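Bear in mind that the values here come from a model prediction, so they are computed numbers and not experimental data.
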2 protein chains.
Amino acid sequence: MTIKHVAADAGVSLQTVSRVVNKETGVRPQMAERVQASIDRLGYVPSIAAQRMGGSRSYLILALNDRERTIADWRARQGTDWVDQMLLGGMLTCAEHGYRLIVELVDTHSDHIERELLGAIAALQPDGVILTPPHSGNPLIIDLLEAQDIRFVRIGSISEGPGVRLMMDDARAARIATEHLVALGHRRIGFIAGPAEYELSGWRVDGWRAAMADAGLACTDLLASGDFSHASGRAAARTLFALPEPPTAIIGSNDQMTLATLELARETGRRVPEDLSLISFDDTPIIRLAHPPLTAIVQPIAEASARAVSLIIAGLAGDPTPDAPITVAAELTVRRSTARPPASG
Amino acid sequence: MTIKHVAADAGVSLQTVSRVVNKETGVRPQMAERVQASIDRLGYVPSIAAQRMGGSRSYLILALNDRERTIADWRARQGTDWVDQMLLGGMLTCAEHGYRLIVELVDTHSDHIERELLGAIAALQPDGVILTPPHSGNPLIIDLLEAQDIRFVRIGSISEGPGVRLMMDDARAARIATEHLVALGHRRIGFIAGPAEYELSGWRVDGWRAAMADAGLACTDLLASGDFSHASGRAAARTLFALPEPPTAIIGSNDQMTLATLELARETGRRVPEDLSLISFDDTPIIRLAHPPLTAIVQPIAEASARAVSLIIAGLAGDPTPDAPITVAAELTVRRSTARPPASG
DNA sequence: ATGAAAGCGCTAACAC
DNA sequence: GTGTTAGCGCTTTCAT
């Protein structure tokens, strides 16, 4: 079934069929209708390869993820569902517009990165690329994409440079989490920050500080930090627990560190949420299976991916590229790890 | 960077470059070397679209999954990592051979199914398709693929028909699980079967029965069944618990049902594994986060997907299509839900 | 062993 | 408005 068959069937030229398929203007409605009827009856669907060859789009969007980390997550089978959520948002949005999303793993190792990426681009000729951390902040990749004149969205990075920047509102998320605890009556709210290498670590701390200040509460001694690992979370929690006046609530910057805090709390005889309230960041499946299930800030990965795809497709259609970073709102999901502080507190 | 540039650079014709790229015979080594040098230096990578247009492969393999179930799993964020495991096995194996894996969701609803699939095939012109349940057992899809002369592998179905059949050895898995319990000293081993609609439900029961028979144990009353849902698992467990002589160990046909059994056990004062041993099937992340983490049969999804891709690519290269079902071995991962039966038992 | 020519299915640019 | 032409980058023939 090629465009020729449809043209013959409808008794028109190839071009007219092409115009109808691509919804171009300048075809008489009556004619368009006839052609569409042939298309439907014959079940014609244009070949993406041929469209691409004709100088049109490839209808392919690449979702670039860090190879090492992604494979490690898959192998570990700990429930990390980043890729799934990307597919959920990205693939479905692609499908709505006749696009496909192709997941591509790229090494962070800088020797290969350029060749790998160039190879994927040459082979697939994607219409757009979605960058996730740490690639979204990698100048090498960003410049390469820019040089290739490919539209791309950078998720989770606001560092200067080309490409549309898309972030989940980390500062606001931390603020919301803090406000939730303040509303419950907590006054000593600890925060376990992530590593400084991640731009978002700072944003989250900022949000917490701001909310504390707004509530007239002091942050002194209440900030600990880790590197997103379980062990570092445990150490941070130990520091906070050891305070002369320990916090009645703790916000952890990611699931692993918060889980570690929960563990240590249990081991040291603190009940959650009766003695200690806990809020996590990320909301991977692992924490809703914890005991108790943790109240958490949900990373809107699916929404961000959907947005990224939309932005790319809109850009292709001629819409101007937004210059300022775009924000996707994160939300707080209240589960059973937050409650009012102990009466004495 | 097109083949022309390479040809010009190497001072040869397009054909010669094409031959070198496709590793065809009949090029003088010295010549091939020179061409390859140009390719490397220019960083040339053939365009998949153009290759496809030229009548060659598309280097694309489609992984077909059930739309409704897959999206539901993604949204639920319960840690179901079927797609991730498919990507882990399938995508990496594809990459080794210069192929890409594209995940495609297809409705089971039979009105659309044919058009959807035909559309995807026409648009992408994939070199092969991987079918997962329930599609792998769907005659409509199977026949359609056969008619389109596309190579495909059916994972998890052994019903007659075209396509390579690839199964995870369910009977053997159930046998291994049962034998593990027998070895621990259990004599009353219950089994919660899955719904009859799934071919694999029967295989699993078969394996259990066979192992019980080999050990000289009776199965009477010890078989309950559910529909893979949490609720049905709970009901089945209740039946088994109510037996005059209840089992000291239970094997559940999937994670949800086994988890339900664990819950009911806890509620009714049975300790796992001290009073009751439990083995699950599937091994999604959820059960390693349970308390205690469950001993389980691991579904080798990644391995099966990798195998499926290999079979397709080998078929493309001219290897004969295996006629008999191919089996991928499942393994038992021992965690903390199995122990010796209580002294009195 | 290498090259030249034709064509894959489609779209762009240009005619009519 | 609609049809015609040329060409995208590659792989097939078929010549040499």
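- Here D:dT11 presents its P atom at 12 Å from NZ of B:K23, a figure rounded to the nearest Å.
- If you take NZ of A:K4 and P of C:dC10, they are 10 Å apart, rounded to a whole angstrom.
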query: Are A:R57 and A:D127 close enough, and set up right, to give a salt bridge (Lys or Arg N to Asp or Glu O under 4.0 Å), and what steps lead you there?
result: CA-CA 6 Å; A:R57 317 231 174 111; A:D127 293 333; 5.1 Å; no
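- With DNA chain D read from its 5' end, the first of the two nearest nucleotides for B:Q15 and B:A49 is the one closest to B:A49.
- Here the P atom of nucleotide D:dA6 and the CE atom of A:M53 are 18 Å apart, to the nearest Å.
- A 6.0 Å sphere centred on CD of B:E68 holds no more than 12 heavy atoms belonging to other residues, nucleotides or ligands.
- Within the 4.0 Å cut-off from OP1 or OP2 of C:dC10, not a single side-chain nitrogen or oxygen of A:S56 is found.
- Put simply, CD on B:E24 is 8 Å from P on D:dT11, counting in whole angstrom units.
- Contact annotation: A:S47 side-chain N/O to C:dC8 OP1/OP2 distance is not under 4.0 Å.
- Summarising the local packing, OH of B:Y198 is surrounded by 12 or fewer heavy atoms from other residues, nucleotides or ligands at distances under 6.0 Å.
- Place B:A32 and A:S18 on DNA chain C by their nearest nucleotides, and B:A32 ends up nearer the 5' end.
- Residues A:F152 and A:E146 meet the side-chain proximity criterion, which asks for heavy atoms closer than 4.5 Å.
- For A:R28, the listed nucleotide lying nearest its side chain is D:dT2; candidates were D:dG9, D:dT11, D:dT2.
- At the phosphate of C:dG3, OP1 or OP2 sits under 4.0 Å from a side-chain N or O atom of B:T16.
- B:V12 comes within 4.0 angstrom of the backbone, heavy atoms only, and of no base.
- Between B:Y59 and the phosphate of D:dC10, there is no side-chain N or O to OP1/OP2 separation shorter than 4.0 Å.
- Across all strands, A:R19 comes closer than 4.0 Å to base atoms (heavy-atom distances).
- Between B:Q51 and D:dT11 there is a side-chain N or O to OP1 or OP2 distance below 4.0 Å.
- Among the nucleotides C:dC10, D:dC8, D:dT2, the one closest to any side-chain atom of A:A50 is C:dC10.
- Along DNA chain C, the nucleotide closest to B:P29 and the one closest to A:M1 are compared, and the more 5′ of them pairs with B:P29.
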field: Verdict with supporting geometry, B:R69 and B:T108, side chain to side chain donor-acceptor pair (under 3.5 Å)
entry: CA-CA 10 Å; B:R69 186 178 55 71; B:T108 317; over 6 Å; no
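- Distance A:L14 CG to D:dT4 P: 9 Å, rounded to the nearest Å.
- In this structure, the CD atom of B:Q125 is 17 Å from the P atom of D:dC10, given to the nearest Å.
- If you take CG of B:N22 and P of D:dT13, they are 14 Å apart, rounded to a whole angstrom.
- D:dC8 atom C1' lies 17 Å from atom CZ of A:R57, rounded to whole Å.
- Phosphate proximity of D:dG3 to A:S13: present, with a side-chain N or O under 4.0 Å from OP1 or OP2.
- Within a 6.0 Å radius of CG in B:D111, other residues, nucleotides and ligands contribute more than 12 heavy atoms.
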